[in-house]
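Below is one structure, written out as structure tokens, with a few remarks after it.
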Amino acid sequence: MAGLTIDNVTKIFEDDDGEIVAIDDVSIDVADEEFLVLVGPSGCGKSTLLRMIAGLETVTSGTISLGDEIINDVKPQYLDVAMVFQSYALYPHMSVRGNMAFGLEESTALSDDEIDQQVTESAEMMEIADLLDRKPSELSGGQQQRVALGRAIVRDPEVFLMDEPLANLDAKLRAQMRTELQRLQEDLGVTTIYVTHDQTEAMTMGDRIAILNDGRLQQIGDPLTCYHQPANQFVAGFIGEPAMNFFAMDVEGDRLVGERFEYPLTDALGAAVEGRDAVTFGIRPEDIRFGGAAGEHAFEMDVDVVEPKGDENIVHLRLADADDEYGAHVSEERSPDAFVATISGMESVEAGESIVATIPPTAIHLFDATTGEAIHNRSLDNVDVSPVE
Amino acid sequence: MAGLTIDNVTKIFEDDDGEIVAIDDVSIDVADEEFLVLVGPSGCGKSTLLRMIAGLETVTSGTISLGDEIINDVKPQYLDVAMVFQSYALYPHMSVRGNMAFGLEESTALSDDEIDQQVTESAEMMEIADLLDRKPSELSGGQQQRVALGRAIVRDPEVFLMDEPLANLDAKLRAQMRTELQRLQEDLGVTTIYVTHDQTEAMTMGDRIAILNDGRLQQIGDPLTCYHQPANQFVAGFIGEPAMNFFAMDVEGDRLVGERFEYPLTDALGAAVEGRDAVTFGIRPEDIRFGGAAGEHAFEMDVDVVEPKGDENIVHLRLADADDEYGAHVSEERSPDAFVATISGMESVEAGESIVATIPPTAIHLFDATTGEAIHNRSLDNVDVSPVE
Amino acid sequence: MSAIDRIVDRVRRYRSDEESTSDAPLATDGGHRTGGLDLGPEFVQALPFWLPAGLLVALFVYGAIGWNFLVSLTDWSGLQASYWPLDFGMYTRFFERVFAQSGDHALSWLPAPLADLFGRLLTGPIEYWSFRNTIVLLIVFTVLTLIVGLLLAILIDQQIRFENTFRTIYLLPMSLSFVVTAVFWQWMYNPRYGIINSALETVGLDFFAVDWIGAAQFKLLAVIIALTWQFSGYGMVVYLAGLRAIPNDQFEAARVDGAGTIKMYLRVIIPQLRAATLSAAVVLMVFALKAFDFLYVIFGSRPGPGADILSVMMYRTAFDTSQFAYGAAIATILFVLALGVIMPYLYIQYQRGDL
Amino acid sequence: MSTSDRTIVERATTVPRKRIGLYAVLLAMVVLYLLPLETGLFTAFKTQSAFQTTIPVLPPIGNQFTIGPWGQALDRLWPALGYSVAFVVPATAFSALFGSLAAYGLTITKWRGQIVVMLIFVAGIFIPYQAVLVPLTRFWTGIVDIRGLLGPEGSLVALTITHIAYGIPICTLLFRGHFKGLDQSMFEAARLDGATIRTIYRRIAFPLAIPMFAVTLIYQFTNIWNDLLFALVLVRGEYEVVTMALQSFTGSMVGQYNLLMAGAFITALPTIAVYVLFGKQFAEGVSGGGA
Amino acid sequence: DGDGGSNELELVHWWTAGGEEDAIQALIDGYEEEYDYTVNNNPAPGGAGSALDTVIQNRVLNENPPGTFQIWPGKAMNTYLDSDVLADIGSVWTDEMQSAYQDGVMELAQTDDGTFVAVPVNIHRLNNLFYNVSVVEDAGVDPASLETPGDVLTAMETVEAETDAAGMAHQTSAQWSTVQLWEDILVGQAGVDTYLDVLDGNVAANEQAVKDALQLTADYREYFIEDAGSVSWDTGNQSVIQDEAAFLHQGDWAAGQYKSAEDFEYGTDWDYVPFPGTGDVYHVVSDAFVMPQPNPSPDATEAWLSYAGSVDGQIAFNTNKGSIPPRTDVSMDEFGPFLTSQSEDFGASTAQPPTIAHGTGVTPTVKGNVEDAFADFIANWNVDDTYSGIESAFN
Ligand SMILES: Nc1ncnc2c1ncn2[C@@H]1O[C@H](COP(=O)(O)OP(=O)(O)OP(=O)(O)O)[C@@H](O)[C@H]1O
Ligand SMILES: Nc1ncnc2c1ncn2[C@@H]1O[C@H](COP(=O)(O)OP(=O)(O)OP(=O)(O)O)[C@@H](O)[C@H]1O
Ligand SMILES: [Mg+2]
Ligand SMILES: [Mg+2]
């Protein structure tokens, strides 16, 4: 077992059309036994980073070390890492047993008996002992996924690398495997880097998450920090579902002036925007409160659409005096007067209804209008730290 | 535009090994302009039903009518329905324009100019007008999805059939397309049947949802009814994420006795279990309340795992006096003393902590232990029907 | 292929890593590779796999064709090898004769059988005819075989019973040598008691009951038909695989879009069979090049202007009349011709990353 | 633009009729494909005078029937069949093996210039055999005197090696298609599992290429078995292979078609058997390779 | 065994079917009985000899020729002579042998300067007109009365008018049959001297004669059997045997086929006349063996050649082959009535010209060019084109 250090790593692909900077000066320290989740939109370089660690891709510059050893140029077969692929990459002609034994046979000098014993043990741990003699094609997706994990586990590697290992499973199975994987990693204590672009996986699985965008590391920290204290607008928008509401606002004295509404600044906020002309204003859907009377931080809104999810409702709101500019056209952009809020499933609002929605000053985030850097994050004072009610 | 009537439809596949009843005596009335969501686990027959409607599959017995016309034996090319496939099924060799025009060319006698005009209009509506000359392989997943929708829309069919159209998109895009699709359907007012196995889509998109299991219709109704008033245990377990907690309990006098805990019955519950020996007890994760003192409906529990999702936390609980039978092994079954609860993201509990969790009698569901039929559903009295707070 | 797949594919394609031991010192080269041949460790690792085969091919295939090219530059005729002087005289001679002819006929763009139906005589230098017939054979045979193979594949793909049996039967002629099939077809084509003409006359198509391998204008067509019979099974197998690789929902989408069966295949399915078409075409052209045996058995070394092809001509020039240099030149031209037909396809294939 | 005014006439009853038509076409094609074979088979059972006086497609009747040609043909082909097997089997096996190795080396590893090497391999497919007869014979006598080295059997060895070399290009192409179709992350997984390139070939690529081996083996077996040209110039009388022996049934002045047909069927028996027995593997393997 | 080379004689030939095969086997058997050598029989059949050419040429190029091989004597040997491949076998041609051979044939065995390089083993006559007796009788045609090639055309016309049979069994799927037909028409119309002049390359000087012969050949075509273009000559000949065609112009090997046909007897069912107009000409087709050098088995080869030139060898060979021996001192007792009559004609003939079609009269290059011209001819039957093809063939 060992920690993994990624130090100023850059990866440049030479393409026919020029260079593609897939990873741009990324540094991450993964502690021993840590479970690090790597998230980011498609094409941001997650796989590339993982593959560099695995030795499947050269490192253009920077160093990757496992423990004290620089492994930049170590060939994959000499590295003690195991990788779980999105496609599972099981060997279709070998039985489950063969798949699991392969790595041990190739990379260790264990006797057949020892290998067999380890395979059986790991298979039992993964509850696939009764599948050992089947071929991958005779397994369901979930079972294949288990085998792929089993194949990695049996080798008892120093590092697990997982590239969207659950992406091919359906939601129920994914939820279940997610928990299993977490438990497993805890039990085995193997340093793990886990790539996903699934919100829930990112938030729930890792000790820390690292958010990449465009090859650059945006933030690294524990999930709740990233959620509540995003380093920049990208992170704030990327993490959370439904996504944070953003509005471009100008700073005018003690208030923020947007295209459709104004928001008076409290002292704390005022200090944050000091000396700026424009900011991006952010509020998470679950922080918008319904009811009460209109006030400086409470706005009259019309309920546009309600998406009931049972346990919660997603409510699309629009400022009451807004013209309906958006008709039959579907739009990728959020209009400057539309809010998304979530409320408990037990509360109910109807589309068309008018309500008052409060945007509490304690809950808002402010970002630099150009760089997107966070200049003010929500206060966590009213986050309960012990069982409530 | 027309309503669709599915009347006692059965579909039997003849297999080498015998017969597979894919659809078993299903009747559904889809009103004109209705958006019906069809959900159910994999293999339950969703696609088969859709394909029968589209004429792609013969009907073994029963009738399917569009308006007043029985369409059992009408070939797909003569039916005025459009289908959106999970894989999009875009024609890879044609441009977006070609893809959209194809259906018009084949099924109408419109002139090239008219076709072109309609294609352009629909493309504008879908905001893909600038992609018209690209090939599908040059589009992102979301764009492909739009084109697939555009291809269906341009034909202005009587019925839209959609077979998991968003399954291949990532979460962000899926959320966005979901809203778009809904708006679109509202604007166009085309009768739509939408297959999914995604919870959120099922709950949020349809006017009604129909839940299938094993070829049989389990329940049909509006989303919240299905959520709060499930017709049986299957529906209760299938809808909602995390799923409802179930426990097998014996009825002993005025209390339910499970393997690991007992639950005193209120009068309402007592009436429901009248004359039964055993029931299945159900409680949704979000209905479990934290805090307070232990009482007859409040239990001391240990926090096993906390999965923070930002806006909410998923808390895995275990009755305080439980032995830890489940060690390193991952398990597919839920143990008889484990609960899953969700709490707001602003509340926080730590793994290992001991808490008191209340299971309010008003929120519990009871099901027949053998048939799974609902014998008591939660009271909706305390569901707020107007803006709260 | 989705965009993501393509990216991933590219990742794999360009992946390369460097040889080093695990305790190598810090090895950040700080830069990235520049162009030129990458003779890195992957190259070294791969060598043992392809080099032995490569050497065999280099020696026997390219060595021989190179030698042949050398011979084509000489004036060697007769049984005493001569390797001097070297010039392109043989090629000039060949093309002079080809072009002496080709300009003359308004109908010369038509395949020989068609042109002659319109009354043109098969006269002029045999070089011209061989060259032309070779191209016609190569293209018409390949196209025809692909079409028949595709039709067979579509028929077989209708979820029929005894699929394997049908498939094997259609494939069976491919197992036979040209020597055998040529004799079969000699009979099939006999105008007096051959089955082809009997059948045509039975169904009232007397007009088509011609002297297939006797009349010069039909010889090539007759050869093409027979070869199509022999190899359409291969086309079928390849197309069948191609059809099965097309997701079912393409068929269904087309149907739902209102296309009938024929439209569905023509507009949606067949255009997606490009890869299958290409790979079948390569193999079929190889067969077309080997059609030498077939023609040789039916027509001997002089099929005449109606059916002479370059390989037969080459053979007869070199081995009947000992004009080795001229024969070698013809062989080189044949090789270049085949490459000329196939290289554009391979290039496209390469561009799309499918090679 | 609505199509609802289209009359709906199609009924389920049309389906069986269509199926009947389909099978009728399929059977007609079967007749077409088997007719020449049937003709040849009947001829082989006819007497010398009968085949000249009867219509080829008709079966032999009464005293037209004889099995004489078969015995005679078998007699003359017997040793040649043995020699053919002796060289075709190794030639087939090695060309497939070399082809798979080359394709593996040119597909699984990544280096620049690979495509060029691949193209050179592929171009080799199109070399006309006639063009290389003189160089080949010169090579096998002048440069490497194979008969001098190995005795008369040397000519079979020369023939084997030549066929291996000429089979490699097409085999390489077929195998490359196959390897490219495999999930590449599987090979990466194997590397991470600690396997060397050689082990990956042996334990992953080779077993997975078995369907493709079926294709190339069948393809090459047929091609090499049926080849006459190389045999004619590389082999001497004492090791006459079967196509040469069959060729000797066609005399200079008189054609004995019954004998020739019997001989042809005997000659073709191995290839026909291969297709009948392994046609399925061939067809399925082709799909595996996109070949 | 030192200078004599191998005791095994490698023999390459193309006689692998029917009587031909028996003939070469008889020759081998006799040789092996007479001498202490064994024969490695290595046929290279196919393509009317061109497969053999390929093999031999390749081996000569590799300086690795067989002990002996079959060749057409005369100009066909030029390719080999030019390369000095054929050894002087004057020692085989003893005085006894020289006196026994007919002069015209002996010339074919020699180079221009009189060196012996080959031993002819047989003589076929090319200028025969076979006919089906019953068909010509039905048509009321008397073949014996035909005097010119033009008469044959008239006769065929009568046959087709009077009976259901075709005028002539012929094949045009390969050129050689038509080349030899044209040769005999030329001899029949213009005389043997003109023909020999043409063989010498003086085509232009005889333009009219050549064209007339071509024209008549083209005219004959109307009366060929329907499937002439698709069959081999022997398959076509079945038409004569089955009373479906009247005439056949072919070498005397055709008689072998009649002989093996059931119920088809010489004199009553079939008969022949010399091709009209060529009565005193014996148009010779011959095969020979040579000694290539360097020779792997000179002694054995020399013995083989001597045996092939001996009376015993020629009886063994020719009785099976259906040809007459080139030696004039062979008893014809065992040859049957047809060959005996041919032999008498041979003795009585005033000219024994060689042939283009069977390689004895022109070099392989010229033969190839002529065949190219005739490949055209049987495709388009264009006299002028073919004439110019023939004219340039000799350049
Ligand atoms: N052509 C067929 N032949 C035999 N059985 C079939 C066929 N098509 C579907 N089935 C069976 O019918 C049942 C229903 O299949 P269907 O595809 O409708 O499920 P589904 O609900 O769409 O599942 P999924 O969510 O996985 O798409 C399954 O058991 C399936 O195996
Ligand atoms: N071999 C390559 N050659 C050129 N560019 C490449 C290569 N591999 C990856 N890239 C580029 O590098 C960037 C990062 O790719 P990568 O596959 O790491 O993204 P990702 O984050 O894994 O995306 P996804 O979520 O879609 O898997 C992309 O822009 C991609 O186009
Ligand atoms: Mg990736
Ligand atoms: Mg489905």
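Order of the sequence lines fixes the chain letters, A, B, ..., with proteins taken first and strands second; residue numbering starts at 1 for each chain.
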Heavy-atom contact with chain C under 4.5 Å, split by part of D:F187: neither
Worked verdict on D:I161 versus C:L56 for side chain to side chain contact (heavy atoms under 4.5 Å, CB included): CA-CA 8 Å; D:I161 295 175; C:L56 275 175; 4.1 Å; yes
Pairs where residues 225-234 of chain D contributes a residue and the test side chain to side chain donor-acceptor pair (under 3.5 Å) is met, not counting sequence neighbours: D:H163-D:D227
Best-contacting candidate, C:L172, C:L51, C:I156, against chain D by heavy atom pairs under 4.5 angstrom: C:L172
Tell me, for D:L37 versus chain C, whether the close heavy atoms (under 4.5 Å) come from the side chain, the backbone, both or neither. both
Which portion of D:I127 sits near chain C, non-hydrogen atoms under 4.5 angstrom: both
Identify which part of D:L97 has an atom lying under 4.5 Å from any heavy atom of chain C, answering side chain, backbone, both or neither. neither
Do D:P128 and C:L289 come within less than 4.5 Å of each other through their side chains, counting heavy atoms only? no
Choice from C:D293, C:L278, C:I65 maximising heavy atom contacts with chain D below 4.5 Å: C:I65
Determine whether C:V57 and D:F121 satisfy the following criterion, side chain to side chain contact (heavy atoms under 4.5 Å, CB included), listing intermediate values before the conclusion. CA-CA 7 Å; C:V57 171; D:F121 268 86; 4.2 Å; yes
Do any N or O atoms from the side chain of C:W229 and from the backbone of D:Y33 form a donor-acceptor pair under 3.5 angstrom? yes
Passes side chain to side chain contact (heavy atoms under 4.5 Å, CB included), D:T107 versus C:W50? Steps please. CA-CA 10 Å; D:T107 308; C:W50 64 267; over 6 Å; no
Hey, which of D:T43, D:L32, D:L136 has the most heavy atom pairs under 4.5 Å with chain C? D:T43
Comparing C:S232, C:A331, C:A64 against chain D, the one with the most heavy-atom pairs below 4.5 Å turns out to be C:A64
For the candidates C:A245, C:A46, C:S311, C:S175, which exhibits the highest count of non-hydrogen atom pairs separated by less than 4.5 Å from chain D? C:S175
Do the ring planes of D:Y23 and C:F166 sit parallel (below 30°), tilted (30 to 60°) or perpendicular (above 60°)? tilted
Which answer fits D:F265, side chain, backbone, both or neither, if we ask what part of it has an atom under 4.5 Å from a heavy atom of chain C? side chain
Would you say D:F126 and C:V286 make side-chain contact, with heavy atoms under 4.5 Å? yes
Between D:T39, D:V116, D:V134, D:L228, the one whose heavy-atom pairs under 4.5 Å with chain C are most numerous: D:V134
When you measure from the side chain of D:Y201 to the backbone of C:F49, do you find a donor-acceptor pair of N or O atoms at a distance under 3.5 Å? no
D:I143 versus chain C, the contacting section by heavy-atom distance below 4.5 Å: side chain
At a heavy-atom separation under 4.5 Å, does D:T271 approach chain C through its side chain, its backbone, both, or neither? both
Mark yes or no for whether D:Y275, through its side chain, and C:P173, through its backbone, hold a donor-acceptor pair below 3.5 Å. no
Which residues pass the side chain to side chain contact (heavy atoms under 4.5 Å, CB included) test with D:A158, sequence neighbours left out? D:W140, D:I146
Measure the shortest side-chain to side-chain distance between D:I164 and C:F60 over non-hydrogen atoms and say whether it is less than 4.5 angstrom. no
Using a cut-off of under 4.5 Å on heavy-atom pairs, state which of D:N223, D:V117, D:I120, D:V25 scores highest against chain C. D:I120
Taking C:M343, C:Q230, C:M174 one by one, which has the highest count of heavy-atom pairs under 4.5 Å against chain D? C:M174
Chain C interface, residue from D:G124, D:G263, D:P270 that has the most non-hydrogen pairs under 4.5 Å: D:G124
